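Values reported hereafter were calculated over all heavy atoms of this structure, with side chains retained and with hydrogens, waters and symmetry mates removed. Residues take their numbers from the sequence shown, with the count starting at 1. Quantities reported herein were computed from a predicted structural model and do not represent experimental measurements.
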Amino acid sequence: MGTDRRNAAWNAPLRAGLIAPLILGAAFSTSGAEEPSQIETVVVSASALPGTVIDPDRIPTATQNLTAEDLSRDGSASLLRALGQSGGVSLSSAQDNPFEPNLYFRGFQASPLAGDAQGIAVYVDGVRFNQPFGDAVAWELIPDIAIDSATVEGSNPVFGLNALGGSIALRMKDGFSWSGAEAAASGGSFDRYDAQFQFGRQDGAFSIYAAGNALRETGWRDHSPSRLGQIFANAGWRRGGLDLRLDLVGADTSLTGNGSAPVQLLAVDRAAVFTWPDNQKNVYGLANLFGSYQASPALSVQANAYASHLRQTTINGDASDLEPCGQIGGLLCLGSEIATGAGG
């Protein structure tokens, strides 16, 4: 069975005003006397967009921040590995491929599988990364080497709908935060080859940055190849309190995660698969124009406009008793019942 699904989102939200920090001031008396002897100012800050550093103590939820060094502490940069080691976050390879796990946080999940009960909002430089179809999160579309920081935050309404479990906000690198050039390549068992690069430069008020990753492997199981191709680039301009940046993201991936096999079959061959293929291909593009103006230490104005497109193709060879529904074209039936939920 196979399905071909295309999701396109063109969004131009004007997220301007008192966004980051969002300031609510209130005065409370700490004394029961008629004339207050001390006034305390309470400031609550929250933002879904990058551009302003906010004191975590001023955010009314628990936060955790991972830097680029945290992501590459155990070798090449890996967002999911760092999140899994940070505490409070757990991963499950329900799709049988390490590049598309389910991420669980506070009882909610962010999963690449459409139909799962999503509950975590994911942002990349202010762009909501959950796909419009099913709010799914395809982790393999972003090159980990280009991530500058990741902030995990508890439930906060400022991150929009379906953020009951919390949010993960990714801040990408630019030529102002990272300069230089580096490249790395590696190889291993099961025909695994991996190469990545990054380059950043600042020239006065201008900056450029580019990073990419390519991976290919046959997999340790039969009929289980995977490949990844990811690229990220941006150009920025900064002067005074004004910061402008254009991000471009592209990805072309093909991930295979064949399901479980009977123990009798594995006793004969540990690499054997029971049914195949179980493959998902993604072609993704994103353009994001972001602007920020720091009017004062307590006030910034931010806005971004972006366009994204995802083409997703899924094929699943799992065995079933489904068959064409006689005269009803385009539908599958299980016995006399129409299998409305059938698909890749």
Side-chain angles (χ1 to χ4, degrees), residues 64-93 95-105 110-112 122-125 129 137-152 168-201 208-221 224-234 247-257 280-282 284 286:
Q64 182 172 298
N65 188 69
L66 299 176
T67 65
E69 290 73 20
D70 296 324
L71 270 58
S72 57
R73 180 172 299 161
D74 296 327
S76 59
S78 174
L79 170 66
L80 295 173
R81 182 185 62 215
L83 289 173
Q85 296 174 351
S86 63
V89 174
S90 61
L91 304 174
S92 171
S93 297
Q95 282 69 251
D96 296 303
N97 190 293
F99 298 104
E100 48 179 3
N102 291 352
L103 183 145
Y104 296 90
F105 179 59
S111 169
V122 181
Y123 284 83
V124 178
D125 272 352
F129 194 58
V137 180
W139 300 103
E140 75 276 10
L141 301 181
I142 298 296
D144 292 342
I145 191 174
I147 298 175
D148 188 45
S149 66
T151 302
V152 182
I168 300 176
L170 303 181
R171 169 75 172 180
M172 308 304 287
K173 294 178 181 177
D174 56 31
F176 296 114
S177 63
W178 196 95
S179 61
E182 67 177 31
S186 63
S189 303
F190 311 109
D191 297 324
R192 180 185 177 105
Y193 304 99
D194 184 14
Q196 54 186 223
F197 79 94
Q198 63 176 331
F199 171 82
R201 182 179 179 184
I208 58 172
Y209 176 84
N213 179 58
L215 180 144
R216 182 181 296 270
E217 66 176 7
T218 59
W220 67 271
R221 305 178 71 188
S224 300
S226 291
R227 63 172 173 80
L228 290 171
Q230 308 157 325
I231 187 101
F232 173 82
N234 67 33
D247 289 353
L248 299 174
V249 181
D252 186 351
T253 69
S254 177
L255 304 180
T256 303
Q280 180 168 286
K281 296 180 180 179
N282 288 325
Y284 178 71
L286 167 69

Which pair of non-hydrogen atoms, one from Val122 and one from Ala110, has the smallest distance, and what is that distance? CG2-CB, 4.5 Å

Asp125 and Leu170: side chain to side chain contact (heavy atoms under 4.5 Å, CB included), yes or no, with the steps? CA-CA 6 Å; Asp125 272 352; Leu170 303 181; over 6 Å; no

Residues which pass side-chain contact (heavy atoms from CB on, under 4.5 Å) with Ala138, listed by chain and number, not counting sequence neighbours: Glu140, Leu141, Asn282

No-hydrogen, no-angle side-chain donor-acceptor test under 3.5 Å, Tyr193 and Glu217: no

To the nearest 0.5 angstrom, please state how far the CD1 atom of Ile147 sits from the CG atom of Leu79. 4.5 Å

At their closest point, which heavy atom of Tyr209 faces which heavy atom of Gly175, and how far apart are they? CB-N, 3.7 Å

Have a look at Gln230 and tell me which of Asn213, Leu215, Ile142 forms a side chain to side chain contact (heavy atoms under 4.5 Å, CB included) with it. Asn213

Does either side chain, that of Thr151 or that of Gln64, offer a donor lying less than 3.5 Å from an acceptor on the other one? no

Report, as yes or no, whether the 6.0 Å neighbourhood of atom CZ on Arg216 holds more than 12 heavy atoms from other residues, nucleotides or ligands. no

Test side chain to side chain contact (heavy atoms under 4.5 Å, CB included) applied to Phe232 and Met172, step by step: CA-CA 9 Å; Phe232 173 82; Met172 308 304 287; 3.5 Å; yes

Quick one: CZ on Phe197 to CD1 on Ile145, what's the gap to the nearest 0.5 Å? 8.5 Å

Between the side chains of Gln95 and Asn102, is a donor N or O closer than 3.5 angstrom to an acceptor N or O? yes

Exercise: do Asn97 and Thr256 side chains pair donor with acceptor under 3.5 Å: no

Sort and list the pairs that fulfil salt bridge (charged side-chain N to carboxylate O under 4.0 Å, His left out) and have at least one residue in residues 70-86, not counting sequence neighbours. Asp70-Arg73

Judged by atom type as modelled, is there a donor-acceptor pair below 3.5 Å linking the side chain of Asn234 to the main-chain atoms of Lys173? yes

